[in-house]
Amino acid sequence: KFEAQHIGNILWALATVAHEPEYSLVRALTERAAVVAPHFNTQNIANALWGTCMLAQTYPGTTGELIDVLVPRAIVLFDASSCALALSGAGTELERVRCEKR
């Protein structure tokens, strides 16, 4: 089973090679990310969010649920202003994401 590091690496790699993932892959990564979210460290979440943001710009509409899973963990690891800054240029799909401490 994929762990947090695997998810971060996969998303980073997909974005790096500009590969449009099948919805089923995004769905599987989202479901697994929800399970392992507490285990994401700063490097894993940075890779996962960067990859997700790049994919959202290139392939809008495929990553919304994944963003919903990743952002709360990012807020735990980073302060809310850093999270907002990191996501600010990520495209229209991410504009709905609110970086607020919960």
Side-chain angles (χ1 to χ4, degrees):
K1 296 202 174 205
F2 289 133
E3 301 302 329
Q5 181 179 358
H6 303 136
I7 294 166
N9 289 348
I10 290 167
L11 290 166
W12 177 88
L14 288 170
T16 298
V17 299
H19 177 75
E20 180 176 12
E22 295 289 328
Y23 178 76
S24 59
L25 175 59
V26 175
R27 181 79 238 144
L29 290 172
T30 301
E31 289 174 3
R32 186 64 185 154
V35 172
V36 300
H39 303 287
F40 276 94
N41 64 28
T42 54
Q43 184 67 54
N44 307 149
I45 203 71
N47 286 345
L49 277 175
W50 181 84
T52 301
C53 290
M54 295 303 102
L55 291 170
Q57 287 181 2
T58 309
Y59 311 107
T62 62
T63 55
E65 292 178 15
L66 184 55
I67 292 164
D68 291 342
V69 169
L70 295 174
V71 168
R73 179 61 181 159
I75 292 170
V76 169
L77 294 172
F78 306 108
D79 63 71
S81 61
S82 295
C83 181
L85 179 62
L87 295 173
S88 64
T92 58
E93 183 171 339
L94 297 181
E95 288 174 12
R96 66 186 177 76
V97 175
R98 295 180 314 156
C99 287
E100 297 175 353
K101 296 254 185 195
R102 294 179 187 209

Requested in this report: Starting at CG of L70, measure out to CG of L49 and round the result to the nearest 0.5 Å.
Outcome: 5.0 Å
**Report entry** Test side chain to side chain contact (heavy atoms under 4.5 Å, CB included) applied to S24 - qualifying residues, sequence neighbours left out
**Finding:** E22
Query - D68 CG to L66 CG distance, which is reported to the nearest 0.5 Å - result: 9.0 Å
**Report entry** With E31 via side chain to side chain donor-acceptor pair (under 3.5 Å) - residues at least two apart
**Finding:** R27
Requested in this report: Keeping the roles fixed (side chain from R73, backbone from I45), state whether a donor-acceptor pair exists under 3.5 Å.
Outcome: no
Report task. Please name the pair of heavy atoms, one in F40 and one in A33, separated by the smallest distance, quoted to 0.1 Å. Result -> CE1-O, 4.1 Å
Query raised in the report: Are V35 and V69 in one and the same hydrophobic cluster, where Ile, Leu, Val, Met, Phe, Trp and Tyr link if side-chain heavy atoms are under 4.5 Å apart?
Result: no
Query - With sequence neighbours excluded, residues passing salt bridge (charged side-chain N to carboxylate O under 4.0 Å, His left out) with R32 - result: E3
Query raised in the report: Can you name the residues that form a side chain to side chain contact (heavy atoms under 4.5 Å, CB included) with Q43, not counting sequence neighbours?
Result: N41, N47
Requested in this report: Measure across V26 and P21 and return the closest heavy-atom pair with its distance rounded to 0.1 Å.
Outcome: CG2-CG, 3.6 Å
Query raised in the report: What pairs with I10 under side chain to side chain contact (heavy atoms under 4.5 Å, CB included), at least two apart in sequence or on another chain?
Result: F2, L14, L29
Query raised in the report: Who passes side chain to side chain contact (heavy atoms under 4.5 Å, CB included) against W50, sequence neighbours left out?
Result: W12, A15, T16, M54
